[in-house]
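First up is the structure itself, then whatever we jot down about it.
A quick note: this is a predicted structure, and the numbers were derived from the prediction, not measured.
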Amino acid sequence: AMETLTRNILSAKEKWAELSDETLDEYVDKAAEQALFEHNREVMRESGRYAYLAKRLKEEVRYSAKAIRDQLMGTSIEVAGSEIGFGFWNDFTVKTPLGEIAIRGKIDRLDIAEADGEKYIRVVDYKTGSKGFELSELFYGVDIQLMVYLLAVLNLTKYRSAVPAGGFYFKINLPMVTPEDEYGERMKKYRMSGFLLAEKTAMEALDNGEKELFSMALRTSSDENMPIRSEAGFTREEMAAMLNYTKKLIGDAAVRIYGGNIEIRPLLLMDKLPCRYCPHLSICRVDDGNCMAKEGYKVGKQEILEALER
């Protein structure tokens with residue numbers, strides 16, 4: 001429903017940051033009805049349980065939409081696209097030792113902000129569950145989604161000179177709040193997790209916070225050279241290195257796939273093993289007892305960046 005909502009707002013050529021609560025409610029109701037109609041032939045209307053789930057979904061989207069509106073207010077951001085498809089016409093390819101391969105996908109939301117003569121791009125992926133950005137997961141190649149999205153946008157002709165400024169996960173939810181919670185405390189529950197270009201101009205163009213970031217769950221610093229204290233703040237050179245590394249990961253994966261390497265070797269990283277929640281255990285016949293997992297470990301930012309330079 002959130003993707004439909006974003007698309008409807010863009011189609012009407014409205015600015016999300018300028019929408020009133022009443023107008024947003026109308027958009028949410030329309031998007032929810034569209035989603036219910038499209039979902040399994042309206043199965044969400046067939047029982048009391050499904051009706052409750054549909055009502056909760058609508059409220060999650062309603063509160064999330066208003067949180068996004070407040071995150072965009074006072075920034076230089078223009079929401080430039082929703083559900084942006086790439087690779088379906090071989091328009092996004094990556095060179096590998098075996099030739100070029102097309103990468104396909106859809107970007108939930110593309111934010112553009114212009115400041116000081118430069119155009120900054122930020123990609124946002126909507127999630128219904130918790131999802132954080134871990135640099136170690138990028139390093140091991142198990143979470144390259146946001147980097148691939150940035151590569152896809154930079155591949156578009158009109159954005160080739162733009163500056164990649166970040167990638168974030170936005171959780172669509174209905175957080176637990178109390179009547180005593182102040183507005184700022186409630187909005188913290190909607191902060192996005194991801195990575196950001198550590199430049200003051202980019203931060204001010206993409207966020208409307210005063211003493212701290214309002215929309216992004218990153219710690220700031222008074223250091224002009226590195227205004228992000230988190231491990232998820234990067235310079236332009238570091239961002240470029242990670243994007244190039246992502247291309248290398250894609251190429252390496254292509255070589256293994258075309259070479260017939262289908263070994264069942266999931267990655268055990270920071271005590272997280274995909275097999276513990278994978279629904280396909282009966283197919284690969286793997287469990288904690290006989291899983292030949294590759295062991296990884298949490299790698300520090302500096303160690304990773306030095307490895308990327310080699």
Run the numbers on Ile228 and Met203 for side chain to side chain contact (heavy atoms under 4.5 Å, CB included), then give the verdict. CA-CA 9 Å; Ile228 298 293; Met203 291 167 51; 3.7 Å; yes
Minimum heavy-atom distance [X]-[Y], with the two atoms named:
X	Y	value
Gly105	Phe88	O-CE1, 3.3 Å
Asp143	Gly132	OD2-O, 4.3 Å
Pro164	Ala162	CD-O, 3.6 Å
Leu5	Ala65	CD2-CB, 3.5 Å

Tell me, yes or no, whether the heavy-atom count around [X] atom [atom1], taken from other residues, nucleotides or ligands under 6.0 Å, exceeds 12.
X	atom1	result
Phe86	CZ	yes
Lys66	NZ	yes
Glu210	CD	no
Asp116	CG	no

Below 4.0 angstrom, N of the basic side chain to O of the carboxylate: do [X] and [Y] qualify?
X	Y	value
Glu59	Arg62	yes
Lys131	Asp125	no
Lys30	Glu33	no

Identify the residue among Leu305, Val299, Leu249 that makes a side-chain contact (heavy atoms from CB on, under 4.5 Å) with Phe139.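 It is Val299; the other options fail the test.
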Taking the side chain as C-beta and beyond, is there a heavy-atom pair between [X] and [Y] under 4.5 Å?
X	Y	value
Glu238	Lys301	yes
Val148	Phe92	yes
Met187	Gln71	yes
Val94	Leu151	no
Leu150	Ile121	yes
Arg160	Asn155	yes
Thr246	Leu138	yes
Lys158	Lys119	no

According to ring pair (Phe, Tyr, Trp, His ring centres under 6.0 Å), who are the partners of Phe234, at least two apart in sequence or on a separate chain? none
When the side chains of residues 254-273 are checked against the rest of the protein, which donor-acceptor pairs come out under 3.5 Å, sequence neighbours left out?
residue: Asn261; atom: OD1; partner: Glu263; partner atom: N; Å: 3.3
residue: Arg265; atom: NE; partner: Met292; partner atom: O; Å: 2.4
residue: Lys272; atom: NZ; partner: Glu137; partner atom: OE2; Å: 2.8

Give the intermediate values and the outcome of side chain to side chain contact (heavy atoms under 4.5 Å, CB included) for residues Ile144 and Ile250. CA-CA 9 Å; Ile144 62 174; Ile250 294 170; 4.1 Å; yes
Report yes or no: does [X] contribute a side-chain atom to a donor-acceptor pair with the main-chain N or O of [Y] at less than 3.5 Å?
X	Y	result
Ser193	Phe133	yes
Arg69	Leu19	yes
Arg236	Glu199	no
Asn244	Ala240	yes
Asp207	Ser215	yes

Stepwise side chain to side chain contact (heavy atoms under 4.5 Å, CB included) test for Leu206 and Ile77: CA-CA 6 Å; Leu206 294 167; Ile77 293 174; 3.9 Å; yes
On the 0 to 90° scale, with breaks at 30° and 60°, tag the Phe168-Phe195 ring pair as parallel, tilted or perpendicular. parallel
Evaluate Tyr245 against Met147 for side chain to side chain contact (heavy atoms under 4.5 Å, CB included), listing each step before the verdict. CA-CA 10 Å; Tyr245 181 66; Met147 283 294 172; over 6 Å; no
Between [Y] and [X], is there a side-chain donor-acceptor contact under 3.5 Å, judged purely by atom types and distance?
X	Y	value
Gln145	Tyr149	yes
Thr6	Tyr126	yes
Tyr190	Asp70	no

Applying side chain to side chain contact (heavy atoms under 4.5 Å, CB included), name anything that partners Glu204, two or more places apart in sequence or on another chain.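 Partners of Glu204 by the side chain to side chain contact (heavy atoms under 4.5 Å, CB included) criterion, ordered by chain and then number, come out as Lys200.
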Interatomic spacing from CZ in Arg122 to CG in Leu146 - rounded to 0.5 Å: 11.5 Å
Evaluate Lys171 against Ser130 for side-chain hydrogen bond (donor to acceptor under 3.5 Å, both in side chains), listing each step before the verdict. CA-CA 6 Å; Lys171 183 180 179 182; Ser130 296; 3.1 Å; yes
